[in-house]
Amino acid sequence: MENILGSGDSKQPVTDEEREQLAKRLDEDLDNFIDNLQKTPYKDGWKEETWREEMEKHPFFMTKPPEPEDQPSPLVEGLQNLRYDPDDNTPEELATKHKDDGNFNFKCRKYKLAIMSYQEGLKLDFQNNELRAQMFNNMSASHYFLKNFRSSLTAAEQALKLKADYEKTILRAINCCIQLKEFDKCLDFCDKYLEFVPEDNNVIKIKKEAIKSKKIMEMEKRKVTKIQKQKEADQARLLFELNKRQLHIIGKKDGPIKELAILDPRVPGLVQPVHLVENRLVWPVVFLYPEYKTSDMIQEFYEDSTFYIHLIEMFSERPEWDIDGKYNADVVNVYFEIVNEHKAGTKVTKIDAKSCTLFEALTLLRCPIDNGTPVFLIFIAGSQFEKEFLAEVP
């Protein structure tokens with residue numbers, strides 16, 4: 001660069017004009033230097049389309065606390081490590097920081113995050129019971145807003161062990177007990193609260209309602225217990241009557257029937273299983289009509305009723321499937337089948353529909369009961385279908 005100040009050691013004063021020329025020359029040199037720099041795009045910055053999201057992740061710019069499932073940014077994680085460094089904080093100081101974080105999240109209605117902060121603080125080994133009680137109390141409040149009433153009550157009880165006169169905690173415990181229908185605990189907490197605030201009309205009212213609700217609940221429990229005992233007695237009586245008849249029940253092992261489930265119908269809910277009316281067994285019974293490949297279900301067939309009575313009722317009006325109108329109680333025969341478990345083949349037994357009762361068919365003739373339902377086949381007496389059916393029987 002040319003020495004515009006002159007050469008030699010002699011010092012001459014710089015004029016304003018020379019100073020101006022020097023400044024101008026320096027500006028030009030700087031501009032030339034910048035212009036000659038290699039122009040490369042900046043790749044490490046935020047993208048234009050995502051800069052808002054990136055800024056929200058930055059701890060200095062975020063407007064809301066992160067969610068529990070969010071992965072913290074390296075900067076946030078680093079700041080957290082600095083804040084919670086056990087080398088720079090006593091256990092009580094760390095607990096206080098966790099409490100403060102929990103309180104901040106609570107105010108932001110981030111109750112799950114608040115609970116996590118309080119839990120972390122309570123894990124620490126410190127001796128300040130006042131601080132520990134505060135965290136249990138605040139954790140109880142967080143659970144309450146999440147409607148986790150059982151957890152809220154548990155945390156409240158822990159707080160009260162450390163600070164028995166925590167009035168707000170007692171009130172929350174009362175409300176939790178009401179939600180959980182734990183009226184005995186509710187009354188205990190009401191009494192405890194009224195020791196500190198004897199004239200609190202609201203708690204007095206809650207106590208009266210709890211006493212009333214407790215009586216109603218106990219009455220309902222007695223009613224349910226009575227119904228259950230009656231049900232058990234009815235089942236025992238039904239089992240006794242079933243075993244007394246020594247029935248042929250498919251799938252039953254040797255010995256008496258122990259569980260009624262073996263007699264549940266194939267389609268539970270649509271068919272009432274065998275039951276007692278006085279001392280009579282009442283069965284669901286199926287009639288099959290092989291000629292038309294159809295069936296009828298008799299929902300309640302009393303065991304002392306004859307087949308003829310039911311057949312008369314079945315054919316009092318012509319069934320839709322009886323195209324020729326030829327079926328009636330006086331022209332049909334009734335059969336049941338017994339599959340021989342030890343030898344190949346099936347045994348067929350014909351019953352006298354007019355005189356035979358269901359009791360006789362099930363006990364004397366040993367009609368099998370499958371899925372709690374006896375099954376009988378109906379044929380027109382002397383019809384080709386009856387002859388073909390009997391011809392197939394070995």
Side-chain angles (χ1 to χ4, degrees), residues 234-268 271-291 294-314 329 332-383 385-394:
D234 291 342
Q235 290 179 343
R237 193 159 60 93
L238 176 57
L239 282 171
F240 174 78
E241 293 295 334
L242 289 166
N243 287 314
K244 187 168 70 174
R245 287 158 177 73
Q246 297 183 343
L247 302 164
H248 180 189
I249 298 173
I250 304 297
K252 184 182 79 69
K253 297 179 180 180
D254 294 338
I257 306 168
K258 295 181 180 180
E259 298 290 339
L260 290 173
I262 197 172
L263 292 169
D264 285 343
R266 192 180 302 273
V267 186
V271 179
Q272 186 178 11
V274 59
H275 55 282
L276 276 172
V277 174
E278 296 176 349
N279 288 325
R280 296 182 295 170
L281 290 177
V282 183
W283 295 87
V285 172
V286 170
F287 283 171
L288 298 179
Y289 306 97
E291 180 178 358
T294 189
S295 64
D296 275 322
M297 166 68 75
I298 301 175
Q299 297 281 357
E300 294 193 338
F301 197 135
Y302 283 73
E303 64 177 354
D304 56 355
S305 299
T306 64
F307 286 81
Y308 189 72
I309 292 174
H310 286 283
L311 289 170
I312 289 176
E313 185 172 349
M314 297 290 288
V332 297
N333 287 330
V334 181
Y335 298 88
F336 66 82
E337 296 178 302
I338 301 177
V339 177
N340 194 322
E341 297 177 358
H342 303 290
K343 299 179 181 180
T346 302
K347 177 184 176 183
V348 173
T349 300
K350 179 182 176 182
I351 63 176
D352 185 345
K354 290 188 176 181
S355 62
C356 184
T357 63
L358 181 59
F359 174 85
E360 294 168 339
L362 298 180
T363 56
L364 301 178
L365 300 179
R366 305 290 293 162
C367 172
I369 302 167
D370 190 10
N371 291 108
T373 309
V375 178
F376 298 92
L377 297 94
I378 312 296
F379 293 95
I380 297 291
S383 67
F385 283 94
E386 183 184 47
K387 292 176 182 179
E388 291 175 358
F389 168 72
L390 294 175
E392 294 176 357
V393 178

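We number each residue from 1, following the sequence as shown. Small disclaimer: the values here were computed from a predicted structure and weren't measured.
- Residues meeting the side-chain contact (heavy atoms from CB on, under 4.5 Å) test with Pro273, sequence neighbours left out: Pro265.
- Atoms NZ and CD, from Lys387 and Glu392 in turn, are 15.0 Å apart once rounded to the nearest 0.5 Å.
- For Asn243, the side-chain hydrogen bond (donor to acceptor under 3.5 Å, both in side chains) criterion is met by no residue, not counting sequence neighbours.
- Listed by first and then second residue, the salt bridge (Lys or Arg N to Asp or Glu O under 4.0 Å) pairs involving residues 353-373 are Arg266-Asp370, Asp330-Lys354 (not counting sequence neighbours).
- Atom CG of Leu311 is separated from atom CD1 of Ile298 by 7.0 Å, given to the nearest 0.5 angstrom.
- Applying the salt bridge (Lys or Arg N to Asp or Glu O under 4.0 Å) test to pairs two or more places apart or on separate chains, none has a residue in residues 248-263.
- Pairing each heavy atom of Cys356 with each of Ile351, the nearest pair is SG-CB, 4.3 Å.
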So Asp296 and Val286, side-chain contact (heavy atoms from CB on, under 4.5 Å) or not? Walk me through it.
CA-CA 6 Å; Asp296 275 322; Val286 170; over 6 Å; no

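- Residue Leu238 holds its CG atom at 5.0 Å from CG of Leu276, rounded to the nearest 0.5 Å.
- With contacts defined as side-chain heavy-atom distances shorter than 4.5 Å, the pair Phe376/Leu358 qualifies.
- One distance of note links CD1 of Ile309 with CZ of Phe307; it measures 11.5 Å at 0.5 Å rounding.
- Leu377 has its side chain within reach of Pro290: a pair of non-hydrogen atoms, C-beta onward, lies under 4.5 Å apart.
- Between the side chains of Asp352 and Tyr308, no donor-acceptor pair is found at a separation under 3.5 Å.
- Separating the CD1 atom in Ile338 from the CD1 atom in Ile250 is a distance of 8.5 Å, to the nearest 0.5 Å.
- With sequence neighbours excluded, no residue forms a ring-ring contact (aromatic ring centres under 6.0 Å, His included) with Phe336.
- Every residue two or more places apart in sequence or in another chain that forms a side-chain contact (heavy atoms from CB on, under 4.5 Å) with Arg245 is listed here: Glu241, Leu247, Leu281, Glu303, Phe359, Thr363.
- Ring-plane geometry between Phe379 and Tyr335 is classed as perpendicular, the angle between the planes exceeding 60 degrees on a 0 to 90 degree scale with a lower cut at 30.
- Counting heavy atoms of neighbouring residues, nucleotides and ligands inside a 6.0 Å radius, atom CD of Glu300 exceeds 12 of them.
- For the atom pair CD of Glu291 and CD1 of Ile378, the computed distance is 12.5 Å after rounding to the nearest 0.5 Å.
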